[in-house]
Amino acid sequence: MSATDIVHAADPDSQEALDALRHSCAHVMAQVVQELFPGTRITIGPAIENGFYYDFDSEHRFTEDDFKEIEKRMLQIAEGNHPFVGKEVTYEESKAYWASKGETYKLEILEGFKDQKLTHYTHSTFTDLCRGGHAPNTRSIRHFKLLSVAGAYWRGDEKNAMLQRIYATAWPSREQLTSHLKMLEEAKKRDHRKLGPALDLFSIQDLAGPGLIFWHPKGGRVRLVMEDWLRAEALKRGYDMVYTPHIANVDLWHTSGHTSFYRQNMFGEIEVEKAEYQLKPMNCPLHILIYQNSLRSYKDLPLRYAELGTVYRYERSGVLHGLMRVRGFTQDDAHIFCTPDQIESEVSGCVDFALEVFKTYGFEKYAMEVSTWDPEKKADYSGEVEEWDRATGALEAVLKRRGIAYRLMKGEAAFYGPKIDMKLIDAIGRPWQLSTVQFDFNLPKKFNLEFVGRDGARHRPLMVHRALYGSVERFFGILVEHYAGAFPLWLAPVQVKILTLTDAQNTAAGELKKKLDEAGLRVEWDARSEKIGHKIREATMEKVPYMVVLGPKDVEAGTLAVRLRDGRRKNAVSADEFLRHLTEEVARKKPASSWETE
RNA sequence: GCCGGGGUAGCUCAACGGUAGAGCAAUCGCUUCGUAAGCGAUAGGUUGUGGGUUCGAAUCCCAUCCCCGGCUCCA
């Protein structure tokens, strides 16, 4: 055993140490599963973010009811403090070992490692074929929890056998495990699929079909604010708003190439007067048609066409997920047509816009990735070497100049161009893929796009595709979870709820409502004959930011008693002061009320 | 699409071969009340859908639709 095989990291929270811990835990889980369910064959068990999994092939159908027993036995082994011992083996030795155990999957893995150094790692009674990176002993892996069981294809290929995957989480300390489990619980509470219907924001209707979203009045109000803000911001930044049809003749999709490279995601043809039409899965070709409608000069460029374009994509039934993965959605899509010397400033403009989106919606953290091509496989890509180099250079240069850290994702680019993907990190630390800025070298060529240059000759413009929300549906879903349903004032579907104590306050309530309505605020008035506590409870559960409790004393004093949804209160506020505060808070778009309360 | 789990009142759940039930919500009445649930009554269901087994099915079987956890894919 060499010193590097075992991770004795000084920092137990280093990624290396965490992975080692989790991977070691996977070994122990595999040991226990084989012990408790004889005949189970093992495959692989890597560390993943926050934990690990192990894939098994077993006659037994694992359920969460098995977890308790597996965990109990795992703990016993952990307490046994068995060391993880690595041993170099030859291909033949390894093959003989796994053959004797009937571990067919291990034998298959072995085939891929014929000419490499192989190691077996053993702890307690269990040995696994493994390249190493382990905790020193089983004692350090006590803080874990099995989470779920799911199907997974052997080697991720749907043509292969379906295995059973057990997911688990593991941490260096009890505190970290507890806090992670708390986060999972919190995530469950914030789930937009629960909150959405509970707050009456949206629904999905069986009769209409899966993956199709119905925006209810309250969700619709939030969406309207989101869209209005985005449109206003786009216009400020020199975009033009365009509108394009939802269906188009298949010839368009043949020209763009979508019917070949995107076919599996498109809904079928619609026959109309002997011509075939298809629902649009993307807006790009339609924006291109607008570009092509006139002869463009270099003086016209850059042209920035933006649209809240609703697209339809066929997604396999098993992948649909609330608002996050649907079959019909609206992209805040834009296509920028520009000259080569404009690309850096255009990319910069997109990144700037994206950062403004993050800031506006209260996301403080984000992660960026630049996806480049794999130069080894040039033939798979559209576009010339110089184009790729220049565009990739521009993407990186923009981020570098702004001092934004990014990960380089080699070979992750689409065939048509490199891109920046921006993930934002929500209130409980989860990353979400959101904004994207990508070059497209394919479509300008397919459509033979041109502009007349200063030299009087025809040149091909560059095309940048950019989405900031990504999809309005998904972004809205992320917001619901980010805010846990408690939208900041500027987004809240109902901003103020007036709660009257008795009918004697009806006149005053009506006047107040009128005043706030006229200021453009979204106000409701609960005039029911319910106790004030009941009304407060309901308004609080609806997550209305401001409640005005209106009783005889307030009417007499001519002031308002304001209550915030978090329970804070501010009494004896004048209507004018309240209105001023609301107006200012809407304008500042702050996630939480900044009001000083008593 | 695939593997596994699951669909009972608007919502959360109970009944698990023998007359479908509770809480909340809804409706109607009473109550006019000071900061997170006032009281009472009423109504609400071909148990996702279709077929089968059975004297009898929410319960067992088959098919189908949808949802959930994942796989593959992705805005």
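In what follows, chains are A, B, ... by sequence order, proteins preceding strands, each numbered from 1. Because the structure is predicted, anything quoted here is derived from the model rather than measured.
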Practice task
May I ask you to verify whether the side chain of A/Y153 and the base of B/G70 hold a donor-acceptor pair under 3.5 Å?
Solution key: no
Practice task
Compare the ring of A/Y167 with the six-membered ring in the base of B/G70 and state whether they stack (centres under 5.5 Å, planes under 30°).
Solution key: no
Practice task
Would you please indicate if the ring centroids of A/F62 and A/H60 are separated by under 6.0 Å?
Solution key: yes
Practice task
Mind checking A/G551 for me? I need base, sugar-phosphate or nothing, with any heavy atom below 4.0 Å counting as a touch.
Solution key: base
Exercise for the section: Calculate the interatomic distance between A/N160 atom CG and B/C71 atom P; express it in whole Å. Expected result: 16 Å
Practice task
Check whether any side-chain N or O of A/H321 sits under 4.0 Å from OP1 or OP2 of B/C68, and answer yes or no.
Solution key: no
Handout entry: B/U64 - base-pair partner by Watson-Crick or wobble geometry, distances under 3.5 Å
Key = B/G48
Completion exercise
Rounded to whole Å, the CZ-P distance (A/R155 to B/G70) equals 24 Å
Exercise for the section: Taking only the side-chain heavy atoms of A/P210 (C-beta and beyond), determine which of B/G34, B/C67, B/A75 contains the nearest atom. Expected result: B/C67
Exercise for the section: Give A/G470 one of three labels, base, sugar-phosphate or nothing, depending on what nucleic acid heavy atoms sit under 4.0 Å from its own. Expected result: sugar-phosphate
Exercise for the section: Return the nucleotide paired to B/U42: Watson-Crick means purine N1 to pyrimidine N3 with N6-O4 or O6-N4, wobble means G-U with N1-O2 and O6-N3, both under 3.5 Å. Expected result: B/A26
Practice task
Check every strand shown and say whether A/V326 touches a base, only sugar-phosphate, or nothing at a heavy-atom separation below 4.0 Å.
Solution key: base
Completion exercise
Taken to the nearest whole Å, CE/A/M162 to P/B/C71 is 10 Å
Practice task
Report the base-pairing partner of B/A9 (Watson-Crick or G-U wobble, both distances below 3.5 angstrom), or none.
Solution key: none
Exercise for the section: Indicate yes or no for a side-chain donor-acceptor contact from A/T43 to the backbone of A/D55 under 3.5 Å, with no hydrogens or angles considered. Expected result: yes
Practice task
Could you check whether A/D157 gets within reach of a base, just the sugar-phosphate, or nothing at all, counting any heavy atom under 4.0 Å?
Solution key: nothing
Exercise for the section: Hunt down the Watson-Crick or G-U wobble partner of B/G1, both distances under 3.5 Å, from any strand shown, or write none. Expected result: B/C71
Fill in the blank from the handout: Separation of B/G38 atom C1' from A/R528 atom CZ, nearest Å, is 13 Å
Problem - N or O in side chain of A/R316 less than 4.0 angstrom from B/G70 OP1/OP2 - result: no
Practice task
Could you tell me whether A/R193 contacts a base, only the sugar-phosphate backbone, or nothing, with contacts defined as non-hydrogen atoms closer than 4.0 Å?
Solution key: sugar-phosphate
Problem - A/E538 CD to B/A36 P, straight-line distance once rounded to whole Å - result: 14 Å
Handout entry: Below 4.0 Å: OP1/OP2 of B/A75 and any side-chain N or O of A/H465
Key = no
Practice task
Could you check whether A/G318 gets within reach of a base, just the sugar-phosphate, or nothing at all, counting any heavy atom under 4.0 Å?
Solution key: base
Problem - Validation row, ring centre A/Y54 to ring centre A/F56 under 6.0 Å - result: yes
Practice task
Please figure out whether A/L163 or A/S148 has its closest RNA chain B nucleotide nearer the 5' end.
Solution key: A/L163
Handout entry: Mate of B/U54 where both pairing distances stay under 3.5 Å, Watson-Crick or G-U
Key = none
Exercise for the section: Mark yes or no for a side-chain to base donor-acceptor pair under 3.5 Å between A/D206 and B/G48, with no hydrogen or angle criteria applied. Expected result: no
Practice task
Looking at every strand, decide which applies to A/K535 at a 4.0 Å heavy-atom threshold: base, sugar-phosphate, or nothing.
Solution key: nothing
Practice task
Write down the atom of A/P197, the atom of A/H192, and the distance for their closest heavy-atom approach.
Solution key: CD-O, 3.8 Å
Problem - Sugar-phosphate, base or nothing in reach of A/A198, heavy atoms under 4.0 Å - result: nothing
Exercise for the section: Determine the contact category for A/R61: base if any of its heavy atoms lies under 4.0 Å from a base atom, sugar-phosphate if only primed atoms, P, OP1 or OP2 are that close, otherwise nothing. Expected result: sugar-phosphate
Exercise for the section: Determine, for A/Y53 and A/R165, whether the Lys NZ or Arg CZ falls below 6.0 Å from the six-membered ring centre while staying within 45 degrees of the axis. Expected result: yes
Exercise for the section: Pick base, sugar-phosphate or nothing for A/E473, based on heavy-atom distances below 4.0 Å to the nucleic acid. Expected result: nothing
Handout entry: Nucleotide opposite B/A15 in a Watson-Crick or G-U pair, distances under 3.5 Å
Key = none
Problem - Any A/R563 side-chain N or O less than 4.0 Å from OP1/OP2 of B/A36 - result: yes
Problem - Side chain A/N50, main chain A/A170, donor-acceptor under 3.5 Å - result: no
Exercise for the section: For nucleotides B/C13 and B/U47, find the distance between their C1' atoms and express it as a whole number of Å. Expected result: 14 Å
Exercise for the section: Decide if the gap between the ring center of A/F476 and the ring center of A/F329 is smaller than 6.0 angstrom. Expected result: no
Handout entry: Protein-nucleotide distance (A/Y312, atom OH; B/A75, atom C1'), rounded to Å
Key = 15 Å
Practice task
Indicate, with a heavy-atom threshold strictly under 4.0 Å, whether A/Q264 touches base, sugar-phosphate, or nothing.
Solution key: nothing
Problem - Nearest-angstrom distance from the residue atom CZ of A/F56 to P of B/C3 - result: 20 Å
Exercise for the section: Please report, rounded to the nearest Å, how far the C1' atom of B/C67 is from the CG atom of A/L323. Expected result: 15 Å
Problem - Donor-acceptor contact present, side-chain A/D191 to main-chain A/K188, <3.5 Å - result: no
Exercise for the section: Determine the contact category for A/P197: base if any of its heavy atoms lies under 4.0 Å from a base atom, sugar-phosphate if only primed atoms, P, OP1 or OP2 are that close, otherwise nothing. Expected result: nothing
